[in-house]
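Everything below concerns the one structure shown next.
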Protein chains: 2
Amino acid sequence: MARPRIKDVARHAGVSEKTVSNVINDYAHVSDRTRRVVREAIEQLGYRVNLAGRHLRKGRTGIIALVVPELDIPYFAELARHVIREAEQCSLTVLIHQSGADRAHELAALAGFGSTFVDGIILSPLALTADDLRDRAGAPPTVLLGELLEEGADHVAIDNERAAREATGHLIGLGRRTVLAVGGRDDAGLGTAEARTRGYRAALADAGIPYDPAALLPVGSFRMPDGAEAVARALGEGRRPDALLCLNDQLALGALRALHEHGVRVPEDVAVIGFDDVEGGRFSVPTLSTVAPDKAAVARVAVQLLQRRIEEATGPAGTSDGAESGVLSPQDRIVAHRLVLRESTEGHERR
Amino acid sequence: MARPRIKDVARHAGVSEKTVSNVINDYAHVSDRTRRVVREAIEQLGYRVNLAGRHLRKGRTGIIALVVPELDIPYFAELARHVIREAEQCSLTVLIHQSGADRAHELAALAGFGSTFVDGIILSPLALTADDLRDRAGAPPTVLLGELLEEGADHVAIDNERAAREATGHLIGLGRRTVLAVGGRDDAGLGTAEARTRGYRAALADAGIPYDPAALLPVGSFRMPDGAEAVARALGEGRRPDALLCLNDQLALGALRALHEHGVRVPEDVAVIGFDDVEGGRFSVPTLSTVAPDKAAVARVAVQLLQRRIEEATGPAGTSDGAESGVLSPQDRIVAHRLVLRESTEGHERR
DNA sequence: CAGCCGATGTACATCGATGTAAAACCGAGC
DNA sequence: GCTCGGTTTTACATCGATGTACATCGGCTG
């Protein structure tokens, strides 16, 4: 009736509990016969290890958390899929947590959810400040996605500044002069939006186009309604851009809709480009040009870095004492991106 | 240096470990002074409970799993957001797991991920059969979303058959006669697609339109590319529908794109309606009519049912013996849906 | 045949938090 | 002064799996 314990298996197989444990953990010195008998007992009783006991003993759960601002921003959902795939390779289970772009939630995540049961955290911060990241003693190993907020934490991202510069450069190369940056932010922050805005400004400078702070359209969040609203407002104010650099695809998709409602043709009147290469942009009308980060690489690198940190922290695969050997210096990894040109900028998709 | 344990707090506060535990768990009979002293010690040491120990003792983790086929199908991402919100109310943490619509993964999820660390599971099955659900001794409490696969499990869904009947009826009411069902399936299965197909057939029957099995366009999965492909193929074969019932919004969005590419006007030539009311459909060109399930209600009911089952299984909030009192009969809950009419069917959105 | 070695298997302590049962304490009432 | 009832607090066992240290076994060598 009740879930069988390791001791039930032991009794059933006529061996000691430790031997069962050895079989489960593929310990080398177990005779084939014993191994078979134990396996059968496990099978018959439908035994499955209790993670609580193992965790208590080993200090590891095999669970890592992926913390993203919003799951229903498709970029994060797509990224999650890759992270899950990568983690599976290392037999890690991924717990996905949504912070709601809320500083309190992100902090809670950093602290390991007020308790301890994740071995590590992959965090895509939106609302955190560098201060939050300092002094997090006792928190589990962490890898950050997106801009580097603070020296001292591992970090994976595309070169957002360069990407934005290329994207903006592409728009300018089409002959556009009035490029608005939807979601652009000029403040001192260290986030992704700020980096992309820097790239945008750099591209303008490259082309000798003066920068107008009013060309940054602020948004509440990075979702379709915000993009649509921001663009509708700009058009309503009589502004007549000939191109939009949208800081993510959701904003861009919202912008496409707003442009459509105002009778503005894309790309003839206004060219639009986004970031993230989400699926929606491949099926929108018109299809959306975008900066495509290598999501699989982001996920791969993030999981690998985290894996290393975890081993560093708890000793290779569960040794009692955390052998403080060669502590890795914080890693700062840049992964590839490419410009994908579709109908919204009149280009042809390169393959 | 190392993370403090409960005994460190006890020593620091000059009380016993159990007293610290009592403070943490808000046990009634602790003097205010003791409580304060312990709180301070916890604060000073930065103590946080170790979930492994608690889990081992209490048999509960406070974690529930939400298992969905694909996270990057926005419906599931949006649903996840609601589930997380609901679970938070009950101080449950949600672990999201992606099954990849893969039977093996779904089975693993059902079994509690080959181990035990979730208190319960909310599962949105795609590939499971009724057989898989029978005889799952030892598995954690489970609530199913979507069609009822098997008596004996709790289950939450909209009335898919009725919804499909209404949606199809709406198309027919627009004067359309040739309604294709994208993603429709006529086999004996018990899934959501089958229920919606039944509703589709019922609506045809209501209107005295003969049913043609060829009107069901099969799809590999329920995503934009599949919808686009299926519709492109149908058009390529010379079929000339005047309406499409797409079994989810992703298929519909893909269909919109395919229609656009074939120069077919929506809704003038072809009316399109989907299911799920995802955000993408509110910003597509044209905007997408859809069957909107009350996602918040789905999440609320699912979490409540699960919560009950968990308490039933482990005793209210952690009593040692699972008091097998009044076992609840399996619940079968229907939540509301409504038709949201947008540009793709020429209607006006009701509020 | 004694002695030794490597390969297997076992008893027991241990990880951290909490339930149980009982001790310590405190004030009231006789 | 002493008992009684109730409140606080504590010692200890316990949850399940696994690391440690040791026992056992069989075979092989000298």
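Worth knowing before you read on, the calculation uses all heavy atoms, side chains too, and leaves out hydrogens, waters and symmetry mates. The sequence lines fix the lettering, A, B, ..., with proteins before strands; numbering per chain opens at 1.
- The two residues A/A13 and A/A41 make their nearest non-hydrogen contact at CB-CB, 3.8 Å.
- Atom CD1 of A/I6 is separated from atom C1' of D/dG19 by 13 Å (rounded to the nearest Å).
- DNA chain D lies under 4.0 Å from at least one heavy atom of each of the following residues of residues 16-26 of chain A: A/K18, A/S21, A/N25.
- The phosphate of C/dG9 has OP1 or OP2 within less than 4.0 Å of a side-chain N or O from A/S31.
- A/E17 places no side-chain N or O within 3.5 Å of a backbone atom of A/I6 that could act as its donor or acceptor partner.
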Salt bridge (Lys or Arg N to Asp or Glu O under 4.0 Å) between B/D119 and B/R308, intermediate numbers included: CA-CA 11 Å; B/D119 293 343; B/R308 271 207 240 164; over 6 Å; no
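- With values rounded to the nearest 0.5 angstrom, A/R309 atom CZ is found 7.5 Å from A/L305 atom CG.
- Regarding B/R33, its CZ atom lies at a distance of 13 Å from the P atom of C/dC25, rounded to whole Å.
- Between the P atom of C/dG19 and the OH atom of B/Y27 lies a distance of 10 Å, rounded to the nearest Å.
- Closest approach of B/E78 to B/K295, counting heavy atoms only: OE1-NZ, 3.0 Å.
- Close to C/dA17, at under 4.0 Å from its OP1 or OP2, lies a side-chain N or O of B/Y47.
- Of the possible donor and acceptor atoms, one in the side chain of B/N50 sits under 3.5 Å from a partner among the backbone N and O of B/A52.
- The interatomic distance linking A/R60 (CZ) with D/dA17 (C1') rounds to 16 Å, in whole Å.
- Between A/R54 and the phosphate of D/dG16, there is no side-chain N or O to OP1/OP2 separation shorter than 4.0 Å.
- If you check D/dA17, C/dC15, D/dT10 against the side chain of A/V49, the one that comes closest is D/dA17.
- Nearest-nucleotide mapping onto DNA chain D: of B/G14 and B/L56, the residue sitting toward the 5' end is B/G14.
- B/H29 has its NE2 atom 16 Å from the C1' atom of C/dA22, to the nearest Å.
- In this structure, of D/dG19, D/dT8, C/dT10, it is D/dG19 that holds the atom nearest to the side chain of A/K58.
- Atom CZ in B/R11 sits about 13 Å away from atom P in D/dA11, given to the nearest Å.
- As rounded to whole Å, 14 Å separates atom P of D/dG16 from atom CG of A/L51.
- When distances are taken from the side chain of A/R5 to each of C/dT18, D/dG16, D/dT9, the shortest belongs to D/dG16.
- A/R57 has no side-chain polar atom (N or O) that falls below the 4.0 Å cut-off from OP1 or OP2 of C/dT14.
- You'll find the side chain of B/R5 reaches within 4.5 Å of the side chain of B/D8, heavy atoms only.
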